[in-house]
Amino acid sequence: MIRISLIIPTHNRAQDLIRALESVAAQTLTADEWECVVIDNASTDDTPQRFDEFCATHPTLHLRRVYEPQAGVSYARNRGFEEATGEYLASIDDDERVNPDFLKAYIDFFDSHSDAIVAGGRIIAEYPTGRPDWMSKFTEMPIANPMHFGDTVCHFPKGRVPGGGNMAFRLREARRYKGFDVTLGRVGRELIGGEENDLFERMLKGGETIWYVPDAVMWHIIPQRKLSPEYFRKLCRNVGISQQLRARIHHRRAMTLFREVLKWGATLLLCCTMSPRKSSKLLLMRYEISRGLLKKI
């Protein structure tokens with residue numbers, strides 16, 4: 001009996017997908033307790049062939065690929081909600097790897113918390129080429145979004161929500177919230193995000209509690225190209241655009257701009273405590289986020 005469905009959206013990253021699947025294949029759950037559904041989001045590379053080859057080497061696992069022609073991670077994740085057959089659903093991205101107890105941790109959590117419908121796990125940033133010396137915990141947030149809130153199950157801290165690459169749901173109840181807003185979320189190599197934040201905000205407004213499950217561990221693998229100055233500027237600017245879009249959706253643009261002013265004050269104070277390289281990067285992050293917030297779209 002399938003207890004939990006693992007969803008992996010992917011777009012033109014066949015090699016990354018196979019690396020993620022290798023960690024998935026090492027799950028400690030017995031094969032009849034889980035399935036993995038890869039949502040092929042309009043890929044034009046060799047994803048289908050590479051996936052079929054992987055399946056051939058793991059014939060006992062419940063692996064399947066579903067093609068979603070509408071480009072965009074929100075479309076892909078919503079398709080995953082439709083395709084899942086388990087009582088629970090977990091979702092990761094294709095540039096990650098997970099620990100062997102990843103799915104077991106979520107099953108154990110939901111089995112022992114009958115009123116919970118949404119949770120997220122630990123996120124560890126992994127830098128194959130090394131963590132750059134300009135990075136602080138603040139500038140690391142938009143790049144890797146690391147999360148560690150202790151070693152026991154607890155509520156997510158106020159102001160924090162699970163990362164889109166490590167989240168889980170009690171499927172039937174979560175479907176009431178109508179999934180991810182398709183006007184948000186990344187499309188191809190575009191960096192607009194915020195779709196998971198929007199869903200979690202609606203869930204919180206609906207009276208749900210978001211739980212932290214520390215034994216569901218995900219490593220977010222950050223390649224060198226995502227550490228370039230150009231990528232960092234574009235990423236931060238799109239964080240601001242995403243915040244602007246969500247502010248419009250939830251009718252709080254004035255409050256969002258006011259909070260950005262407060263964040264500038266906090267940024268300037270923090271810069272006084274950092275090395276010049278780290279403080280300059282933090283100022284750049286704040287500047288680009290503000291540009292995105294004020295951009296006409």
Enquirer: Start with the C-alpha gap between Asp198 and His250, add the side-chain angles, then the distance that decides, and say whether side-chain hydrogen bond (donor to acceptor under 3.5 Å, both in side chains) holds.
Expert: CA-CA 9 Å; Asp198 173 73; His250 296 282; 2.7 Å; yes
Enquirer: How far apart are the C-alpha atoms of Tyr127 and Gln224, what are their side-chain angles, what is the distance that settles it, and do they pass the side-chain hydrogen bond (donor to acceptor under 3.5 Å, both in side chains) test?
Expert: CA-CA 8 Å; Tyr127 300 93; Gln224 182 62 35; over 6 Å; no
Enquirer: Can Lys281 be said to sit on top of Trp134's aromatic six-ring, NZ or CZ under 6.0 Å from centre and within 45° of the ring axis?
Expert: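 Checked: cation-pi criterion met.
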Enquirer: Of the non-hydrogen atoms in Ala105 and Ala216, which two are nearest, and what is the gap between them?
Expert: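 Nearest heavy atoms, Ala105 then Ala216: CB-N, 3.7 Å.
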Enquirer: If we count only N and O atoms by modelled type, under 3.5 Å, do the side chains of Thr28 and Asp101 hold a donor and an acceptor together?
Expert: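 Distance-only check passes for Thr28 and Asp101.
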Enquirer: Can we say Glu87 and Arg172 salt-bridge, meaning some charged N sits less than 4.0 Å from an Asp/Glu carboxylate O?
Expert: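 No, Glu87 and Arg172 are not salt-bridged.
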Enquirer: Side chain of Ser43, backbone of Asp40: donor and acceptor closer than 3.5 Å?
Expert: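 No; zero donor-acceptor contacts below 3.5 Å.
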Enquirer: Would you call Arg97 and Glu22 a salt bridge, taking side-chain N to carboxylate O under 4.0 Å as the test?
Expert: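 Here Arg97 does not pair with Glu22 in a salt bridge, since their nearest N and O are not under 4.0 Å apart.
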Enquirer: Is there a donor-acceptor contact under 3.5 Å from the side chain of Ser112 to the main chain of Asp108?
Expert: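 Present.
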Enquirer: Just by modelled atom types, is the Ala14 backbone N or O under 3.5 Å from a matching donor or acceptor in the Asp46 side chain?
Expert: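 Absent.
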Enquirer: Answer yes if Ile222 and Met218 sit in the same cluster of Ile, Leu, Val, Met, Phe, Trp and Tyr residues linked by side chain heavy atoms under 4.5 Å apart, and no otherwise.
Expert: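 Unlinked, Ile222 and Met218 end up in two clusters.
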Enquirer: For a side-chain contact (heavy atoms from CB on, under 4.5 Å) with Val118, tell me which candidate from Leu199, Thr209, Ile210 qualifies.
Expert: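 Answer after filtering Leu199, Thr209, Ile210: Ile210.
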Enquirer: If we count only N and O atoms by modelled type, under 3.5 Å, do the side chains of Arg248 and Gln244 hold a donor and an acceptor together?
Expert: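 Present: a donor and an acceptor within the cut-off.
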Enquirer: Under 3.5 Å, is there a donor-acceptor pair between the side chain of Asp93 and the main chain of Asp95?
Expert: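 Absent.
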Enquirer: Taking the six-membered ring for Trp and the single ring otherwise, decide whether the centroids of Trp211 and Phe156 are under 6.0 Å apart.
Expert: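 That pair fails the under 6.0 Å test.
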Enquirer: State whether a side-chain donor-acceptor pair under 3.5 Å links Thr44 with Asn12.
Expert: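 There is such a pair between these side chains.
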Enquirer: Report yes if some heavy atom in the side chain of Pro9 is under 4.5 Å from a heavy atom in the side chain of Asp94; otherwise report no.
Expert: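 Not in contact.
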Enquirer: Which residue pairs satisfy the ring-ring contact (aromatic ring centres under 6.0 Å, His included) criterion with at least one member in residues 257-297, sequence neighbours excluded?
Expert: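 For residues 257-297: none.
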Enquirer: Before giving the answer on ring pair (Phe, Tyr, Trp, His ring centres under 6.0 Å), spell out for Phe169 and Phe81 the whole-Å C-alpha distance, their side-chain angles and the decisive distance to 0.1 Å.
Expert: CA-CA 10 Å; Phe169 306 88; Phe81 267 71; 5.3 Å; yes
Enquirer: If you measure from the Lys or Arg side-chain nitrogens to the Asp or Glu carboxylate oxygens, is any gap between Glu208 and Arg176 under 4.0 Å?
Expert: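 Arg176 and Glu208: salt-bridged.
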Enquirer: Considering only heavy atoms from C-beta outward, does the side chain of Gln49 approach that of Asp52 to under 4.5 Å?
Expert: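 SC-SC contact between Gln49 and Asp52 ruled out.
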Enquirer: If only atom types and distance count, is the side chain of Gln27 paired as donor or acceptor with the main-chain N or O of Leu103 below 3.5 Å?
Expert: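 Checked: pair present.
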Enquirer: Check step by step if side-chain hydrogen bond (donor to acceptor under 3.5 Å, both in side chains) holds for Ser290 and Glu260.
Expert: CA-CA 7 Å; Ser290 295; Glu260 185 65 10; 2.8 Å; yes
Enquirer: I'd like to know if the side chain of Ser5 reaches the main chain of Thr85, judged simply by a donor and an acceptor atom lying under 3.5 Å from each other, with no hydrogens or angles considered.
Expert: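 Pair found, side chain donor or acceptor close to backbone of Thr85.
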Enquirer: Between Tyr88 and Asp111, does any side-chain donor sit less than 3.5 Å from a side-chain acceptor?
Expert: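 Yes - a donor-acceptor pair under 3.5 Å links their side chains.
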Enquirer: Any carboxylate oxygen within less than 4.0 angstrom of a Lys/Arg side-chain nitrogen, looking at Glu140 and Arg131?
Expert: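 Salt bridge present between Glu140 and Arg131.
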Enquirer: Kindly indicate whether the side chain of Leu29, heavy atoms from C-beta on, has any atom under 4.5 Å from the side chain of Ile107.
Expert: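 The answer is yes; the side chains approach within 4.5 Å.
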Enquirer: What I'd like to find out is whether the side chain of Trp34 reaches to under 4.5 Å of the side chain of Val24, using heavy atoms alone.
Expert: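 Touching, per the 4.5 Å side-chain cut-off.
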Enquirer: In terms of side-chain heavy atoms, does Tyr106 have a donor or acceptor partner in Asn166 at a distance below 3.5 Å?
Expert: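 Indeed, the side chains of Tyr106 and Asn166 share at least one donor-acceptor pair under 3.5 Å.
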